[in-house]
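Comments concern the structure below.
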Amino acid sequence: MNIERWNALLRELGLPPETKTFSRLQSAYAEGHRGYHTSRHIDECLSLLDELKRLCERPAEVECALWFHDAIYEPMSKSNEERSADWAAEFLSSSGAAQDVVGRIRSHIMATRHEALPADTDSKVVVDIDLSILGAEPSRYEEFERDVRKEYRWVPRFIYGPKRAAILQSFLDRARIYQTEPMFEHFEEKARVNVSKAIRALSHKSSET
């Protein structure tokens with residue numbers, strides 16, 4: 001996350017330069033209870049977007065959604081995405097963005113709830129990028145699982161294991177994890193291997209308790 005990229009995004013969206021929200025986002029992603037959902041995750045998402053912009057109908061809106069999609073992250077809450085989307089919408093509206101732009105960006109952020117397959121191309125790109133960690137190299141994926149566990153360190157192992165395994169299994173149960181062709185071709189197989197291995201590890205640890 002850097003201020004130059006942030007202001008370049010605002011220019012692409014036709015909005016004036018602004019630093020207050022950038023600083024608030026930096027502080028949010030640096031919260032102590034976060035393990036995975038930090039600025040590193042956002043930087044990885046933005047880096048991957050640079051490779052996938054050709055897929056986007058409105059790249060700046062996709063980028064804005066990625067900046068905000070985990071801005072609110074409280075492990076015990078089920079409304080993180082909605083509150084993050086609300087924050088983005090409030091910021092965009094107050095900065096003068098058109099309501100159709102605000103609506104699309106809000107929709108992209110809500111798609112990262114991963115409760116249903118995204119309907120439009122740009123939401124597919126946002127969701128695929130958000131899930132790219134599943135198809136990371138094994139060492140990075142293992143680090144991801146450890147970081148997520150840190151965010152739920154207050155949950156006993158015998159509860160965490162089955163819950164986490166169920167979430168991961170929901171991705172395996174899909175016909176495909178990634179909806180865009182480049183992401184499917186590059187990440188799908190690795191993601192299924194990583195996730196399957198993680199489920200086995202979680203089941204083993206749960207059986208030890």
Side-chain angles (χ1 to χ4, degrees), residues 24-25 28-29 31 33-46 48-49 52 55-59 61-93 99-136 141 144-145 147-152 155 159-160 162-180 183-184 187-188 191-192 194-195 198-199 202:
R24 288 182 61 201
L25 286 169
Y29 286 113
E31 290 169 334
H33 63 270
R34 296 178 186 242
Y36 172 69
H37 297 88
T38 66
S39 60
R40 180 184 183 185
H41 171 50
I42 303 306
D43 287 339
E44 289 177 338
C45 287
L46 296 177
L48 186 52
L49 173 62
L52 298 174
L55 303 179
C56 303
E57 294 178 358
R58 299 177 177 87
E61 294 178 12
V62 169
E63 178 166 346
C64 187
L66 291 171
W67 274 89
F68 278 94
H69 79 283
D70 284 325
I72 304 294
Y73 185 75
E74 297 175 6
M76 294 181 67
S77 175
K78 294 183 178 180
S79 62
N80 290 322
E81 293 84 3
E82 184 174 6
R83 292 168 64 199
S84 296
D86 288 345
W87 182 1
E90 179 183 352
F91 162 69
L92 291 164
S93 295
Q99 285 309 297
D100 60 333
V101 173
V102 175
R104 285 191 296 267
I105 292 173
R106 193 180 192 287
S107 178
H108 300 333
I109 296 171
M110 291 299 291
T112 64
R113 298 178 73 178
H114 306 299
E115 293 181 345
L117 296 179
D120 65 274
T121 299
D122 283 353
S123 284
K124 289 177 182 178
V125 174
V126 171
V127 170
D128 278 4
I129 289 175
D130 189 33
L131 294 178
S132 62
I133 189 65
L134 300 183
Y141 181 84
F144 158 65
E145 287 292 342
D147 287 342
V148 171
R149 182 64 178 111
K150 290 175 186 175
E151 295 178 340
Y152 290 89
V155 179
I159 295 176
Y160 178 83
K163 292 282 189 182
R164 180 65 180 164
I167 291 171
L168 294 175
Q169 185 63 48
S170 71
F171 291 112
L172 289 186
D173 290 343
R174 297 180 179 184
R176 53 191 288 170
I177 296 171
Y178 300 100
Q179 302 304 303
T180 61
M183 293 289 287
F184 178 82
F187 288 105
E188 186 81 15
R192 290 188 176 275
N194 285 336
V195 171
I199 291 172
L202 288 163

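Counting from 1, the numbers follow the sequence of the chain as shown.
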Using side-chain heavy atoms (C-beta onward) and a distance below 4.5 Å, is Cys56 in contact with Leu49? yes
Who passes side chain to side chain donor-acceptor pair (under 3.5 Å) against Ser170, sequence neighbours left out? none
Hey, could you give me the CH2/CD1 distance between Trp67 and Ile105, rounded to the nearest 0.5 Å? 13.5 Å
Please enumerate all residues that pass ring-ring contact (aromatic ring centres under 6.0 Å, His included) together with Tyr141, with sequence neighbours excluded. Phe144
Residues which pass side chain to side chain donor-acceptor pair (under 3.5 Å) with Arg34, listed by chain and number, not counting sequence neighbours: Glu31
Residues passing the ring-ring contact (aromatic ring centres under 6.0 Å, His included) test with His108, sequence neighbours excluded, are none
Can a donor-acceptor pair be found, under 3.5 Å and without considering hydrogens, that links the side chain of Arg192 to the backbone of Val195? no
Return the set of residues passing side-chain contact (heavy atoms from CB on, under 4.5 Å) with Ser93 (not counting sequence neighbours), or none when no residue passes. Gln99, Val102
Can you pull out every salt bridge (Lys or Arg N to Asp or Glu O under 4.0 Å) where at least one residue sits in residues 101-117? Sequence neighbours excluded, please. Glu61-Arg104, Asp86-Arg106, Asp100-Arg104, Arg113-Glu115
Can you sort out the partners of Arg40 under side-chain contact (heavy atoms from CB on, under 4.5 Å), two or more places apart, ordered by chain and number? Thr38, Glu44, Arg140, Glu143
Working to the nearest 0.5 Å, report the span between CD1 of Ile199 and CG of Leu168. 5.0 Å
Start with the C-alpha distance between Tyr160 and Val148, add both sets of side-chain angles, then the distance that settles side-chain contact (heavy atoms from CB on, under 4.5 Å), and finish with yes or no. CA-CA 11 Å; Tyr160 178 83; Val148 171; 3.5 Å; yes
Just so I know, are the side chains of Asn80 and His37 near enough to count as touching, which here means a heavy-atom distance under 4.5 Å? no
Please round to the nearest 0.5 Å and tell me the distance separating atom CZ of Arg83 and atom CH2 of Trp87. 10.5 Å
Separation between CG (Leu134) and CG (Asn194), nearest 0.5 Å, reads 8.0 Å
Take the angle between the ring planes of Tyr178 and Phe187 and call it parallel below 30°, perpendicular above 60°, tilted in between. tilted
According to the salt bridge (Lys or Arg N to Asp or Glu O under 4.0 Å) rule, which pairs have a member within residues 121-131, sequence neighbours left out? none
Do Glu151 side-chain atoms and Tyr36 backbone N/O form a donor-acceptor pair below 3.5 Å? yes
Minimum-distance pair of heavy atoms, taken over all atoms of Val127 and Ala111: CG2-O, 3.5 Å
Under the side-chain contact (heavy atoms from CB on, under 4.5 Å) criterion, do Val126 and Leu66 qualify, and how do the steps go? CA-CA 7 Å; Val126 171; Leu66 291 171; 4.0 Å; yes
Rounded to the nearest 0.5 Å, how far does CE of Met110 lie from OG of Ser123? 11.0 Å
For Tyr29, what residues pass the ring-ring contact (aromatic ring centres under 6.0 Å, His included) criterion, not counting sequence neighbours? none
Give the intermediate values and the outcome of side-chain contact (heavy atoms from CB on, under 4.5 Å) for residues Leu52 and Thr180. CA-CA 10 Å; Leu52 298 174; Thr180 61; 5.6 Å; no
How would you list all residue pairs meeting salt bridge (Lys or Arg N to Asp or Glu O under 4.0 Å) that involve residues 162-179, not counting sequence neighbours? Glu145-Arg164, Arg176-Glu181
Who passes side chain to side chain donor-acceptor pair (under 3.5 Å) against Asp70, sequence neighbours left out? His41
Considering only heavy atoms from C-beta outward, does the side chain of Ile109 approach that of Glu82 to under 4.5 Å? no
Partner set under ring-ring contact (aromatic ring centres under 6.0 Å, His included) for Phe91, not counting sequence neighbours: Trp6, Phe68
If only atom types and distance count, is the side chain of Glu188 paired as donor or acceptor with the main-chain N or O of Ile177 below 3.5 Å? yes
side-chain contact (heavy atoms from CB on, under 4.5 Å) between His69 and Glu81: does it pass, once the steps are laid out? CA-CA 6 Å; His69 79 283; Glu81 293 84 3; over 6 Å; no
